[in-house]
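Chain letters run A, B, ... following the sequence lines, proteins first, then strands; residues in each count from 1.
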Amino acid sequence: MTLAAADPAAAAAEAGEPRRRGGGYRRYALGKVLGALGSLVFMLVVNFFLFRVLPGDPARTLGRGRLSTPEQIAEFNKTYGLDQPVLQQFLTFLDNTVHGDLGYSILYHRDVSEVLVERMWPTLLLVGTSTVLAALIGVWLGIRAGWDRASRFDRFTTGGSLTLYSMPEWWLGLLLIAAFAVGIGPLPGLFPTGGLHSVDADPSSLSGVLDTAWHLTLPVITLTLAYLADYALIMRGSLIDELRSDYLTTARAKGLRDALVRDRHAVPNALLPTTTVVALNFGFVVAGAITIETIFSIPGLGLLTTDALQVPDYWLLQGVFMLSSAAVITANLAANLLYGLLDPRVRT
Amino acid sequence: MSLLKLKGLSVTYRTEEGPLPAVRDVDLTLERGEVVGVAGESGCGKSTLASTVLRLQPSSATVSGQVLVDGEDVLTMRWGDLRALRWAGASIVFQGALHSLNAVRRVGQQIAEPIQLHEPSVGAAEVARRVGDLLEQVGLPASRAASYPHQLSGGQRQRVMIAMALACRPSLVIADEPTTALDVMVQAQVLDVLSGLVKELGVGMMLISHDLSVLADMSDRIAVMYGGRVVEQGPADQLFTDPLHPYTSALSASFPRIGDPAARYAPAGLAGDPPDPRELPPGCSFAPRCSLAIPDCTTAEPPLELKRPGRGVACIRVGESV
């Protein structure tokens, strides 16, 4: 019997079908990029008007009573463009933002963009390293725990993760400082209590890099432990959801070893929800870990935000807000693009 | 030596409500190139039987008896030997191909996987060529290898499953309800493909279905299961046209036959549900639904006996002068 002839209708339908894989992803990606651009514009609008409706008159707050006469207040408002109509202010704001001018920080007496760039690196280093480490270790733990569900490893990992998850991160940081940095722990002075580098270190030399790594060890461990649980538990949960799936029975029936069934079939499917969470969390890298930067005195964006709030330094705050929102939007876009690569179903 | 021989096979699941005997003392033989159909309602143990042949039953199952593939007991085989047997010696066409295929891998990769695993010496180009050939054998264009499962229709996916099952040229294929998820037209096409290839390649097949008419069409012999046991077995045509066990009669009567007006105007269903395997009725488990049941039926489980040449039946009333 000739099989193709057995069902001419189906064969014709299949042959006539156009290939649409590459185009599918391009169209999908374009849609997501446009969506992200839309969010970015919306964020700019909100950011501008948020600071206009915020209580407090800049001239009075910042003048601390020194600007007493109406003339002085008018002068202040003129300098900062506050005498213009709101729409005009908004257009100026858009124009400046597009050109990288985020205003002037009255706290540091420098351009906001300059301060932001300078303060961004310590945060990226601290939170970025911790997020990457936490994601790698957490996903690995989650895979092992979920695959051997209810094993001793699983019970230990899940219990440990939940304990860390419920622990305030600043408290964990304080415990680590007490144990490894100040005089009361078993290894006093093993790590510094805070700061990004020693006063005399040259950050561009090798010893300077090692010095920074030494300073960042405790805060990175703190944040890694704090973030870890999230990834471990999500990965474990999504892997367990896959365990009874029919396609795993197929993979086993093919004669694959257990580890290959797991790594080649179960994990790629279970990775989808975890990818979303990891990528989204990268967006919060820039927002920083305010409490941890405070405890370890790391001059990052978190510490900058607390400082700016106390003045309050409106332009600086506005810059911080814009930077972190842009990071979240970018991370969201990255999550979507990655998801489209990992799961062929979402792009068609 | 038989290609597949099940000897006294029993499978019991541990459940919270107590042990669930899904398969009870089944003997079944399948010769090279032969197609044996396994029929029965859902829950009668058919699919458990299928998964046990490659030792794929869940860990909550305890298995006793023997599953001999080419004389070797699958149940006691070392893991390495079992993995080597899986797919290369015996493969499975699963039901519901949407879930049985991995959604995030191209179907070509999935068909190629067992070839790469069991024949590591075959080069990449040769693997690709074989995948293309397999797809064409089941009536799909070779370019379909680049598709993902969700881009295919149900019938196409089931064809991919068949191509995959034949990838390593096994001598035994177990088809577990290969067409239940498909509509009737597509079902007929897929069955055509399957039976054609099985004949062409001389593969032995265990075909599992609840549809006795499909089995009668495609099988050489049929075993009918009820309550985890084989209650009747024999040559396919005889079993369908001249059933001996009352359950087989009911099953065959529930499918109207073309050209048989009597069956058409009096569609016969079977009242009641299959028994809960945890609480099987005493004696013959079919007795509560059986129109021929007599008090003796509930005293002891009737053994599967040869009532006619080649016809095994587990019913004390068959062979009586009715």
Side-chain angles (χ1 to χ4, degrees), chain A residues 1-22 24-25 148-151 242-272 275 339-348, chain B residues 51 54 56 58 79 82-92 94-106 110 113-114 117-118 136-141 143-144 146-153 155-156 159 161 164 167-168 174 185-186 188-190 192-193 195-197 199-200:
Chain A
M1 168 170 75
T2 52
L3 298 164
D7 96 67
E14 281 145 11
E17 198 161 330
R19 285 156 57 99
R20 43 163 193 216
R21 289 176 296 109
Y25 186 68
D148 288 323
R149 185 185 187 178
S151 65
E242 301 293 327
L243 286 185
R244 313 280 313 229
S245 301
D246 292 338
Y247 68 87
L248 292 184
T249 307
T250 309
R252 276 190 201 99
K254 283 176 175 176
L256 291 174
R257 269 181 297 116
D258 193 54
L260 274 181
V261 174
R262 181 189 66 202
D263 298 342
R264 214 186 262 178
H265 293 275
V267 169
N269 279 279
L271 215 49
L272 300 170
T275 311
Y339 207 97
L341 280 182
L342 287 175
D343 190 347
R345 282 164 295 186
V346 304
R347 56 182 186 245
T348 34
Chain B
S51 61
L54 283 181
L56 290 164
W79 274 106
L82 177 62
R83 280 199 302 268
L85 171 73
R86 284 179 175 176
W87 224 262
S91 62
I92 305 187
F94 290 99
Q95 58 174 309
L98 177 58
H99 300 292
S100 296
L101 292 169
N102 187 338
V104 304
R105 307 189 83 210
R106 298 180 195 280
Q110 301 190 51
E113 189 172 33
L117 182 75
H118 293 287
E136 275 163 12
Q137 269 185 320
V138 296
L140 292 176
S143 62
R144 273 286 167 208
S147 301
Y148 287 98
H150 74 277
Q151 293 168 325
L152 305 177
S153 68
Q156 291 173 328
R159 286 160 191 263
M161 278 304 294
M164 199 158 88
C168 295
I174 294 150
M185 286 304 290
V186 181
Q189 293 166 356
V190 170
D192 263 356
V193 168
S195 63
L197 284 173
K199 285 213 176 63
E200 199 180 304

So, the side chain of B:His150 versus the backbone of A:Val346: is there a donor-acceptor pair under 3.5 Å, distance only?
-> no
Do the side-chain N and O atoms of B:Gln110 and A:His265 include a donor-acceptor pair separated by under 3.5 angstrom?
-> no
For residues B:Asn102 and A:Tyr247, report the shortest heavy-atom separation together with the two atoms involved.
-> N-CB, 3.8 Å
So CG of A:Leu256 and CG of B:Leu117: to nearest 0.5 Å the spacing works out to 5.0 Å
Please round to the nearest 0.5 Å and tell me the distance separating atom NE2 of B:His99 and atom CG of A:Leu248.
-> 13.0 Å
What pairs of donor and acceptor atoms, side-chain ones from residues 83-90 of chain B against any protein atom, are under 3.5 angstrom apart with sequence neighbours left out?
from    : atom 1 : to       : atom 2 : distance (Å)
B:Arg86 : NE     : B:Leu54  : O      : 3.1
B:Arg86 : NH1    : A:Arg252 : O      : 3.2
B:Arg86 : NH2    : B:Leu54  : O      : 3.1
B:Arg86 : NH2    : B:Arg55  : O      : 3.0
B:Trp87 : NE1    : B:Met164 : O      : 2.8

A:Thr249 side chain near B:Phe94 side chain, heavy-atom distance below 4.5 Å | yes
Hey, is CZ on A:Arg257 packed in by over 12 heavy atoms from elsewhere, all under 6.0 Å?
-> no
Counting only N and O atoms by type, is there a donor-acceptor contact under 3.5 Å from the side chain of A:Thr250 to the main-chain atoms of B:Ser100?
-> yes
Contact origin within B:Leu101 toward chain A - heavy atom pairs under 4.5 Å = backbone
So, for B:Ala103 and A:Pro344, which heavy atoms are closest and what is the spacing to 0.1 Å?
-> O-CG, 3.4 Å
Hey, which of A:Leu342, A:Asn269, A:Asp343 has the most heavy atom pairs under 4.5 Å with chain B?
-> A:Asn269
